[in-house]
S.K.: 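First the structure, then my questions, so here it is.
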Protein chains: 2
Amino acid sequence: MRVLVIGAGGVGEAIVKISSKFESFSFICVADIDEDRARYVARQTNLDDSAVAYSKLDASSVTEIVALASAFEIDAIMNACDPRFVMPIFDAAYEYGCTYVDMAMSLSKPHPSDPYSKCGVMLGDAQFEKANLWEEKGLLALVGVGVEPGLSDIFAAYASKHLFSQIDEIGVRDGANLVVEGYDFAPTFSIWTTIEECLNPPLIYEANKGFYTTEPFSEAEVFDFPGGIGPVECVNVEHEEVVLIPKWLKANRVTFKYGLGDEFISVLKTLHKLGLDNAQKITVGEVSVSPRDVVGACLPNPIDLGPMMHGKTCAGTYVSGLDKDSKARAVYLYHVVDNDETMAKWGCQAVVWQTAINPVIALELISSGVWAARGVLGPEAFDPDPFLDSLVKHESPWGMREEIV
Amino acid sequence: MRVLVIGAGGVGEAIVKISSKFESFSFICVADIDEDRARYVARQTNLDDSAVAYSKLDASSVTEIVALASAFEIDAIMNACDPRFVMPIFDAAYEYGCTYVDMAMSLSKPHPSDPYSKCGVMLGDAQFEKANLWEEKGLLALVGVGVEPGLSDIFAAYASKHLFSQIDEIGVRDGANLVVEGYDFAPTFSIWTTIEECLNPPLIYEANKGFYTTEPFSEAEVFDFPGGIGPVECVNVEHEEVVLIPKWLKANRVTFKYGLGDEFISVLKTLHKLGLDNAQKITVGEVSVSPRDVVGACLPNPIDLGPMMHGKTCAGTYVSGLDKDSKARAVYLYHVVDNDETMAKWGCQAVVWQTAINPVIALELISSGVWAARGVLGPEAFDPDPFLDSLVKHESPWGMREEIV
């Protein structure tokens, strides 16, 4: 499969490194607005030089993307950019005519008058609106197949297929005990995306109520994470799983809670209070700049933090309901990654490695025909078993914990 | 006296408005980087059109300032810019050869290796280094004559002259109960200056130890402010009074504490933690911008907040020691301003009005020869009595509260 990876950030780099262990990648082109970074990341593969390329690319330009995909006869585009670039890359894959894979979906817009109770434009709406077109053209867009969304959705599909006859709640829960030496404050993932997901009104799905939103940071709960991470305060956050899971799986309630911790929540609230979360450009003296981009530029780049980070990160899905014998059951299906291990083995920090392994597995399943479909689909639309088997095969086992009911 | 006011922000506007009530201003030119704003502020005086001018001016350019002062045969330059522009304006006044007045002094630089215990470059160092030159040329630079520094120093001089035989502590204490309707967060004074003074290592003077610094926000105390404001949590902040007062008055200890309140302290700590307090330009995508300027641009301009503000602000000086009969005594000399009153009477919000009244009084005392000196001097170098009398005469009385000792 000839793959175009757009975005040579931490996740793009990890995708290229991980792809070396998979047979489905016969050619890789890495494209980024920063050509030096694209060149550096392209060199991380073990493919022959003739099977590797890199390019400067403006990911907001459909024309540029189509031209690049055509030039290298690409079979699949892997979008590893932040979610601002979902739509141009998605549209370019459609126009050019190839498989599309992403790890975050098109952006939401809060409800204009009642943002903290009603939905406005939802995550992925812009992509799902075009599902018929993709189906008609016989193309597949596999959306939201990072770790969260992605692996978390696959856990939900697994629970639905094997463990439950009836599901009450599917609650994705994300927590970590990562610390970064030498920094007062250093997010381990793109601050742009973190602000976007944490400050937008959190989305909740209930079967008898449909989708609705709440105030940011609502419904705080302490969740006890496995792998030695322990209890972390989690709050509702807008996330793709809440949109994706109800499209394919049956559950009374779907939520996403993020273990942000007190300090991070306080920082995000302050950024919001001062308008520094604003992604639109404002005028500052002689220049025009987005305050959120300035926040990002002030903080260390998560790409550079791997060696200073220690600890583990856990992604997982809590599922409660009735088991196949109609007895009450609750489980937490999870995937824990240790930063010291990913650094030693891959030279990638835990959060980006955990994000990147999933689209690579997904693309292999698509390439080999194990996962075959057309249209715009989430990961829970596919059989979870070969995916989870591949995760184990690639020495990154997942776990399941029975919860007290 | 022909006066050039540089800086047409809130304080510049209030200076021009207040000067209408004083006879010393025979001509005013208002200059600002924003010519429209300079024109607007110049129109706020009641002088004849022939006695008023405005100009676009880059306050960082000594050449431009000297040219403007020459063109209008200026007698005194009033610096109403933020402290970044102190040195070019101060140097231009010297080069051109006229009286100079400011309300904040040249900037400090933290000690390179031990910032939270030793002093680096102190506030005003760059100005006082040139004191001999000013003296030799027969010119006066009256520095730090806003409300704080300024009126607070004059209170200290008054206490020293009339109330005490021996002074233990001179502690400037600033607090307010101002609220701004309709904003989550809206500082009532330049955020640039507030960040500068609050995040720099606070300066303390002790007679037997000299000057030293502490961690930001040190030595929190609850001070009970008069005028209905009540108790406010105050913390050490770097301020000019601590530099100025020991130069002319004798005291065992000089401090400055600012009633910032919990929320403001938390915001400032977060800005610092994220590097958003940085005044230097950083690269953000294609542009170069100072994060601190971005913070300023995100927040409402204090100039526009007057009508939405309610409450009072208090500036004052706590003095303890032995009275003229060698008995223990402590007093708080203070000046309270009510925002509703300054808005109704002057169309100026309380904080900028309270800052602006003082340099206008000072300039009148200089113009009439009541305050006469040469060199670089703080307000405590002069007789406080005519100044405080003028404050009363202009319907802005000060107060004194005996403290329990």
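Just so we're on the same page: letters track the sequence lines, and every chain starts at 1.
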S.K.: Which one of A:A297, A:P300, A:C298 has the most heavy-atom pairs closer than 4.5 Å to chain B?
M.R.: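 Most heavy-atom pairs within the cutoff with chain B belong to A:C298.
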S.K.: Out of B:D184, B:V289, B:L274, B:T283, return the one with the most heavy atom pairs under 4.5 angstrom to chain A.
M.R.: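 That would be B:L274.
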S.K.: Only one of A:L276, A:V267, A:L271 clears side chain to side chain contact (heavy atoms under 4.5 Å, CB included) with B:T270; which?
M.R.: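 Of A:L276, A:V267, A:L271, side chain to side chain contact (heavy atoms under 4.5 Å, CB included) with B:T270 is met by A:V267 alone.
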S.K.: Where on B:I282 is there a heavy atom nearer than 4.5 Å to chain A: the side chain, the backbone, both, or neither?
M.R.: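 Looking at B:I282, just its side chain touches chain A.
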S.K.: Looking at A:V284, A:D293, A:V287, which one forms a side chain to side chain contact (heavy atoms under 4.5 Å, CB included) with B:V287?
M.R.: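 When A:V284, A:D293, A:V287 are each tested with B:V287, the side chain to side chain contact (heavy atoms under 4.5 Å, CB included) holds only for A:V287.
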S.K.: Who passes side chain to side chain contact (heavy atoms under 4.5 Å, CB included) against A:E263, sequence neighbours left out?
M.R.: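 Partners of A:E263 by the side chain to side chain contact (heavy atoms under 4.5 Å, CB included) criterion, ordered by chain and then number, come out as A:F185, B:K273.
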